[in-house]
Each structure stands twice: as C-alpha cells, then as structure tokens.
There are 2 protein chains.
Amino acid sequence: MVRDSDATRARILDAAEAEFAAYGIAGARVDRIAENAPANKALIYKHFGSKDELFDTVFAQRVLAFVDKVDFDATDLPAYAGRGFDLYEANPTTLRLTTWYQLERPHGQLEAIKASNAAKLNAIKEAQDAGLLTSAYTPLELLTEVRALMMSWHLHTPELAMVRQPARARRREVVVESVRRLVQGDSH
Amino acid sequence: MVRDSDATRARILDAAEAEFAAYGIAGARVDRIAENAPANKALIYKHFGSKDELFDTVFAQRVLAFVDKVDFDATDLPAYAGRGFDLYEANPTTLRLTTWYQLERPHGQLEAIKASNAAKLNAIKEAQDAGLLTSAYTPLELLTEVRALMMSWHLHTPELAMVRQPARARRREVVVESVRRLVQGDSH
DNA sequence: TCCTAGTTAATAACTAGTTAGTTGCAAGCG
DNA sequence: CGCTTGCAACTAACTAGTTATTAACTAGGA
C-alpha cells in the first residue's frame, strides 16, 4: 500500500464517523475503527491523540459541513425546514452523531455552532422587525419549534419507527406544512 | 443494616436509572451503580441478571409509569401536549432514558409501548371521524408532530441550551400554542 | 542518510460477571 | 425457652477477557 498520510487520515475519519454514529462515544471501539478504516490502531493515536479527540474532530468536521449545507432563510421558514428535512433524510448518521453529542457532551460549546445559532437568531429577529415573519414567538422560540418539526420523523421510539411510515415526499410535506402553520399570522 | 430484599432491589433500580440516564448503556458502570445504590455488585446480578437486563428493567418500569401518567385526549391535543411538557419538565431523566433507548436499542419492541401507541393512533382516528380533529394529517403524522413539539425544548444542542431560555410557563405556552396551530382547521 | 508513514507487540488499567463464602432471621424441635 | 438447622440476603475477593494507549521497531521516499 502506498504511503499517504492524508488518505489514511481520511479513511480513519470515515470509519470513525460510522462507528461513533452507530455506538456513541462510550460504545465505540478503537479497534473496530482501525479495522474498518483500514488503518493501524496506533495511527489513530498518532493522528488524533485519543478516542475523545477523534470524536471531537469527526463531529466538528461532519456536523459543521452539514450545517453549512442548508442555507437559512428567516423569511421562509417552511422552505428552510423542507431543506433541513431533505438533508436529514440524505444523511441520517449526522443526526445520530448530533444526538450522541447532545447526550455525551452536555457541556460541548463549539464556537462554529454558536456562531451559526447566533446568525439564525439574528436573521429571525430582522425578519420579524421587517414584518416578514410572525412576532408571536421570540427568535429562540421559533428556532426551537422549527428544529423540532424538522427532525420530527427521526424522534420516533423504535416501536413507533416500526409502524408503516408515509412516503418521504409526504413526510416532507407534513414538516413543511406544520412549519407553515406555526409561522402563519395570528390565528385567534 | 437490616436485610430487606425489596428495599435493596428498589435502591438498585434508582441508582441504575440515574446511571443509565447519565451515561447510557455502554457508558454505564455496574460498579458505580452498586456504589451509589448502595448495594453489593453481586446482588445486582442476582436480582437482574446482567447490565443489559438491568437497563431493560429500569426502562420498562420507569418509562411505562411515565407514559401512564399523562392521559391522552385526541380531541384536545394542545392540552395533551401541555401535560406531556409538564411531565418532561418534572422528569428530565426519563426523556434521556428514552433517547438512549432509541440510540442503543434500535430494535426494541416493548409491547406496552406498542399498545400505548396503537391506542393513541386509534383515538386520533376516532376523533377525526367524529369531526373533532383536523383530517389534514393522518393519525401517525399528527402523533409525530405533536410529540416533536412536546419535547422541542429538550432537543437543543448543548450550544443552544446555553442561551437564556424563556421561563417554564412561557415554554409551555409555546408548545401548547404550536400544537394548537398545528391542529386548527384548514388554513389555505 | 534522514525523516515520516506505517507496523508489531506489549502493557496497564478497567470491566462485566462469578465464586466461595459469611451473616442475620425465623421456623422446627426438645 | 434455648438450640439448631435451613435459607435467603449479603459481601469481598477474584477472574477472564477487553480496552485504550504506547514504546520499539521497519520500511519508503526525498
């Protein structure tokens, strides 16, 4: 095998993403990552230091790439939710990674994520000030509910995941329509 | 210490719930559960067989008790969501337990949960047939979105969880109002 | 020849699970 | 009552296997 440090790094990252998505941080096995890369176990430590640092590297790289991929439009949150839905559908491992992160890194504070959130909250505020978006909710409230609806189909317990799901197009429609109803003008 | 098998069992279950909620199945340590119960480690194996069976016992007991506590009213889903919100607020460990279950037991099929889901879906269908609930969504679609909104405030990444949250009463209001908008009559 | 990618094998620490017992309690019996 | 016998609750120490991590080594390329 030809020697290529970068390629080995990339293979390790790919294998690590799959491993961490499947088993989480505590459940992941460095041996299995090495075996699936394939790469020697010692190289993982040479390149990434430790299992935890490897997770952090994988998470930062993949999730941030993910976040960047869906562009945020505060004046059309239903469409944003639809795009987010599409991305989750195409890339379910990223959502799992995020969930593990939430559970196992409860104090994680990635600057890039904070920046992304701040930008979204700010965009919502501006859209509200311009009258292009309901002011029935604060920016944080809106972001919270939209995010929940966006991933709603992935929040099923295993039991509910087993019942026959609607086709993807319909699931998408449900998400988009739900957000539409959420943000529509006051309705009392 | 006086000998009481039932009390010991109960202490182990309490400690196990805390341990599993904090670290998940793979991350949980039997020694730590024994230490925190407090109880001897061997007793855990005598009473529950293995770490996995202990998790299953804890999960079944706690989550099913939880599910039973909030009664479902298909004709008033906003109120149901409000009650569910209250229960999640009062009992955040249960939600964590559920999330771990979803991640680490992707093939779990607890009969009691399936029955509870089936009953809910059925109640929704009947409410729809009686014209008491929107038919814009199927029962599964409605349950999916309502559940997502119900737990929306607990889906934050650590980064978003750090920003100043609204007071509990307001968070509740947001959930209830979101569900109200979701189920209100057609709005095209 | 020197530097870096990659390998091999070892190790120290940890972990789930077991074993071989000890302790307290109560029923049975004289 | 006093004694003992059976039994379940409980315990401490251990084992067999796994895991993350590292040190010592080999080889390829400039």
Side-chain angles (χ1 to χ4, degrees), chain A residues 1-61 97 100-101 103-108, chain B residues 1-61 97 100-101 103-108:
Chain A
M1 191 164 61
V2 67
R3 299 186 166 204
D4 184 337
S5 172
D6 289 346
T8 302
R9 245 186 96 93
R11 284 202 317 280
I12 293 173
L13 282 173
D14 285 346
E17 177 184 21
E19 178 77 11
F20 285 124
Y23 303 103
I25 304 176
R29 295 292 165 254
V30 177
D31 288 286
R32 217 156 31 198
I33 294 173
E35 188 186 337
N36 292 329
N40 193 279
K41 189 157 61 143
L43 286 178
I44 294 176
Y45 289 94
K46 179 162 273 184
H47 284 303
F48 301 100
S50 70
K51 185 167 90 159
D52 275 43
E53 288 173 87
L54 176 58
F55 175 83
D56 290 340
T57 306
V58 167
F59 182 77
Q61 182 179 308
L97 232 42
W100 290 115
Y101 178 70
L103 285 173
E104 300 193 275
R105 284 267 189 280
H107 303 297
Chain B
M1 192 166 54
V2 67
R3 298 186 166 204
D4 185 336
S5 169
D6 289 347
T8 303
R9 246 187 94 94
R11 284 201 317 278
I12 292 172
L13 282 173
D14 285 347
E17 178 184 20
E19 178 77 12
F20 285 125
Y23 303 104
I25 304 177
R29 294 292 165 254
V30 177
D31 288 289
R32 212 157 34 196
I33 294 173
E35 189 185 337
N36 292 329
N40 192 279
K41 187 161 60 146
L43 288 178
I44 294 177
Y45 289 94
K46 176 160 270 183
H47 284 304
F48 301 101
S50 69
K51 185 168 90 159
D52 276 43
E53 288 172 86
L54 177 58
F55 175 83
D56 290 340
T57 305
V58 168
F59 182 76
Q61 183 180 306
L97 231 42
W100 289 114
Y101 178 70
L103 285 173
E104 300 193 277
R105 285 265 188 281
H107 303 297

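In what follows, every chain begins at residue 1, and chains take the letters A, B, ... in the order their sequences are listed.
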Between P of C:dA5 and CZ of A:Phe48, the distance in whole Å
13 Å
For the helix from C:dT1-D:dA30 to C:dG30-D:dC1, figure out the bend between the end axes, five pairs an end, and round to 10 degrees.
10°
From CD of B:Glu35 over to C1' of C:dC14, roughly how many Å is that when rounded to an integer?
15 Å
Determine whether B:Leu13 and B:Leu54 satisfy the following criterion, side-chain contact (heavy atoms from CB on, under 4.5 Å), listing intermediate values before the conclusion.
CA-CA 8 Å; B:Leu13 282 173; B:Leu54 177 58; 4.3 Å; yes
Measure across B:Phe55 and B:Tyr101 and return the closest heavy-atom pair with its distance rounded to 0.1 Å.
CE2-CD1, 4.0 Å
Strictly below 4.0 Å, heavy-atom distances to any atom of DNA chain C: list the hits from residues 15-31 of chain A, or just say none.
none
Set out, line by line, the N/O atom pairs under 3.5 Å between protein and nucleotides 9-12 of chain C.
none

Nearest-Å distance for atom pair CZ/C1', residues B:Arg3 and C:dG24
5 Å
List the atom of B:Gly27, the atom of A:Ala26, and the distance in Å for their closest heavy-atom pair.
CA-CB, 3.6 Å
Taking all non-hydrogen atoms of both residues into account, name the closest pair between A:Leu97 and A:Phe59 and its distance.
O-CE1, 3.8 Å
Under 4.0 Å between a side-chain N/O of B:Ser5 and OP1 or OP2 of D:dA9, yes or no?
yes
Taking atom C1' of C:dG24 as reference, at what distance in whole Å does atom CG of B:Asp4 sit?
13 Å
B:Arg11 and B:Asp4, any side-chain heavy atoms less than 4.5 Å apart:
no
Any donor-acceptor pair under 3.5 Å from B:Glu19 side chain to B:Arg29 backbone
yes
Contacts table for residues 33-45 of chain A: side-chain donor-acceptor under 3.5 angstrom, sequence neighbours left out:
residue : atom : partner : partner atom : Å
A:Asn36 : ND2  : A:Arg32 : O            : 3.2
A:Asn40 : OD1  : A:Ala42 : N            : 2.9
A:Lys41 : NZ   : A:Asp31 : OD1          : 3.1

Residues at least two apart in sequence or cross-chain that pass side chain to side chain donor-acceptor pair (under 3.5 Å) with A:Lys51, listed by chain then number, are none
Kindly indicate, with the supporting measurements, whether the criterion side-chain contact (heavy atoms from CB on, under 4.5 Å) is fulfilled by B:Arg105 and B:Asp56.
CA-CA 10 Å; B:Arg105 285 265 188 281; B:Asp56 290 340; 3.0 Å; yes
Sorted by number, residues from residues 50-58 of chain B placing a heavy atom under 4.0 Å from DNA chain C are B:Ser50, B:Lys51
Could you state the NE2-C1' distance from B:His47 to D:dA9, rounded to the nearest angstrom?
8 Å
Any donor-acceptor N/O pair, B:Trp100 side chain to B:Ala21 backbone, under 3.5 Å
yes
A:Tyr23 and A:Ala28: which non-hydrogen atoms are nearest, and at how many Å?
CB-N, 3.7 Å
Quickly work out the B:Ile44 CD1 to D:dC10 P distance and round it to whole Å.
12 Å
Separation between CD (B:Glu17) and CD1 (B:Ile12), nearest 0.5 Å, reads 14.0 Å
Quick note, B:Tyr45 side chain, CB onward, closest among D:dA20, C:dA16, C:dG6 is C:dA16
Looking only at side-chain N and O atoms, does A:Thr8 come under 4.0 Å of OP1 or OP2 in C:dG6?
yes
Atom CG of B:Asp6 and atom P of D:dA9: how far apart are they, to the nearest Å?
9 Å
For A:Leu43 and D:dT22, give me the distance from atom CG to atom C1', rounded to whole Å.
13 Å
Whether the side chain of A:Glu104 engages the backbone of A:Gly24 through a donor-acceptor N/O pair (distance < 3.5 Å, no angle test) should be reported.
no
